[in-house]
Engineer: 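Take a look at the following structure, please.
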Amino acid sequence: MPELPEVEVVRRGLAERVTGRTIAEAALHGARVARRHIPGPDDLAARLQGRTVRAARRRGKYLWLVLDAPDDEPVALLIHLGMSGQLLVERPEAPDERHLHARLSFDDGGDELRFVDQRTFGGISLSDLSADGVPLTIAHIAPDPFEAAYDEAAVVRRITASTSAVKRVLLDQRYVSGVGNIYADEGLWRARVHGGRPASSLTKPAVARILRHTREVMAAALEQGGTSFDALYVNVNGASGYFERSLAAYGQEGRPCRRCGTPIRRVAFMNRSSYFCPRCQRAPR
DNA sequence: CTTTTCTCCTGTATGC
DNA sequence: TGCATACAGGAGAAAA
């Protein structure tokens, strides 16, 4: 599932393959992919035509292409992959994918950019950019741990002020962005903290350790091209990542903990699964 | 206001 | 074999 490392892999692919190119035509298949573009899919397609891609940027799990706007400030083509979205750069004559939702062709006649999404939790929209270069649409999303704007001490203060379970807070993109179910479990395992602990019951140094471990595990995953459980997460060239083999907790139910050998447990949490070592990560009473 | 639950979607795996 | 059900889960709306 695309979390920060996987989205960053995709961003790098876009930066390499799409930057500097001018959109000849945008074709949207169905309205759902553009549901967050309030003026509608036709408006989106029309406004993409003729614009040049100047940069590919990211905050947390959102990424966006900075596009030239004629006689105006640049705009952002904001993209979220949801849990099964893919951005593929491929030959125009490649057959349509089963869940193809959008296709951008370029005036150089080269490879197209396609948005393919089996579950359509993802989508694309146009957004104005704020003064700090972040799309206005995602102004409520906090900086991720790799940004200059990330203020660890401030994040720690906010997290310890919450009485919610610490894993719930880690997954809340308003506190820190980019963390999803996989890397939350991995970061908590590395920090030896149970995700069900109320955030307010943890010391500030303990919360800082969780954040640093989470950042480190995401950096390690990025080096491996991200985590791919199946063909749903791939980079712009259709290739999978290799971090799955390095996961210590997520998806490891019944397997011995890499530190102490105790079988990893799986429990339902927030309508999804949480994996943890019952010995290294003591549950709250 | 804060916090939690629900909903969107489809392919795959499992159970009867 | 076939059909029903569970599960994967990010984000925002809706409810509490």
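Below, read A as the first sequence line, B as the second, and so on, with proteins coming before strands; counting in each chain starts at 1.
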Engineer: Look for any protein N or O under 3.5 Å of an N or O in nucleotides 10-14 of chain C and output each such pair with its distance, or none.
Structural biologist:
unit_1	atom_1	unit_2	atom_2	d
C:dG10	OP2	A:N181	N	3.4
C:dG10	O3'	A:H80	NE2	3.1
C:dG10	N7	A:R272	NH2	2.8
C:dA11	OP1	A:H80	NE2	2.4
C:dA11	OP2	A:K61	NZ	3.2
C:dG12	OP1	A:Y62	OH	2.5
C:dG12	OP2	A:H140	NE2	3.1

Engineer: What's the CG-P distance between A:D117 and C:dA8, to the nearest Å?
Structural biologist: 18 Å
Engineer: Five pairs at each end of the helix from B:dT2-C:dA16 to B:dC16-C:dG2: take the axis at both ends and give me the angle between them to 10°.
Structural biologist: 60°
Engineer: Regarding A:T163, tell me which of base, sugar-phosphate or nothing describes its non-hydrogen contacts under 4.0 Å with the strands shown.
Structural biologist: sugar-phosphate
Engineer: Look at the side-chain N and O atoms of A:S84 and state whether any lies under 4.0 Å from the OP1 or OP2 oxygen of C:dA8.
Structural biologist: no
Engineer: For A:R212, check side-chain contact (heavy atoms from CB on, under 4.5 Å) against everything at least two apart and list the hits.
Structural biologist: A:E152, A:A208
Engineer: Please work out whether the ring planes of A:H101 and A:F115 are parallel, tilted or perpendicular, with thresholds of 30° and 60°.
Structural biologist: tilted
Engineer: Which is the 5'-most and which the 3'-most nucleotide of DNA chain B that has an atom under 4.0 Å from a heavy atom of chain A?
Structural biologist: B:dT3 to B:dG11
Engineer: Over how many whole Å does the gap from A:M270 atom CE to C:dC7 atom P extend?
Structural biologist: 16 Å
Engineer: Can you list the other members of the hydrophobic cluster that holds A:L171, where links are side-chain heavy atoms under 4.5 angstrom apart?
Structural biologist: A:F269, A:M270
Engineer: Just checking A:S162: base, sugar-phosphate only, or nothing, at a heavy-atom cut-off of under 4.0 Å?
Structural biologist: nothing
Engineer: Any side chain to side chain donor-acceptor pair (under 3.5 Å) pairs touching residues 27-37 of chain A, not counting sequence neighbours?
Structural biologist: A:H37-A:D43
Engineer: Can you give each donor-acceptor pair under 3.5 Å made by side-chain atoms of residues 129-141 of chain A, sequence neighbours left out, with the distance rounded to 0.1 Å?
Structural biologist:
unit_1	atom_1	unit_2	atom_2	d
A:S130	OG	A:D132	OD1	2.3
A:S130	OG	A:V134	O	2.9
A:D132	OD1	A:V134	N	3.3
A:T137	OG1	A:S127	OG	2.7

Engineer: In chain order, what residues pass the side chain to side chain donor-acceptor pair (under 3.5 Å) check against A:N271, with sequence neighbours excluded?
Structural biologist: none
Engineer: Just checking A:R91: does its CZ atom have more than 12 heavy atoms from other residues, nucleotides or ligands closer to it than 6.0 angstrom?
Structural biologist: yes
Engineer: Rounding to an integer number of Å, can you tell me how far A:R119 CZ sits from C:dA6 C1'?
Structural biologist: 13 Å
Engineer: Suppose we screen for side chain to side chain donor-acceptor pair (under 3.5 Å). Which residues come up paired with A:T227, at least two apart in sequence or across chains?
Structural biologist: A:Y183
Engineer: Could you note down all residue pairs passing side chain to side chain donor-acceptor pair (under 3.5 Å) where residues 61-81 of chain A supplies at least one of them, sequence neighbours left out?
Structural biologist: A:R54-A:D68
Engineer: By nearest heavy atom, map A:R168 and A:H99 onto DNA chain B; which one lands nearer the 5' end?
Structural biologist: A:R168
Engineer: A:E147: which residues meet the side chain to side chain donor-acceptor pair (under 3.5 Å) condition with it, sequence neighbours left out?
Structural biologist: A:R59
Engineer: List for me each residue that meets side chain to side chain donor-acceptor pair (under 3.5 Å) alongside A:S162, sequence neighbours excluded, and say none if there are none.
Structural biologist: none
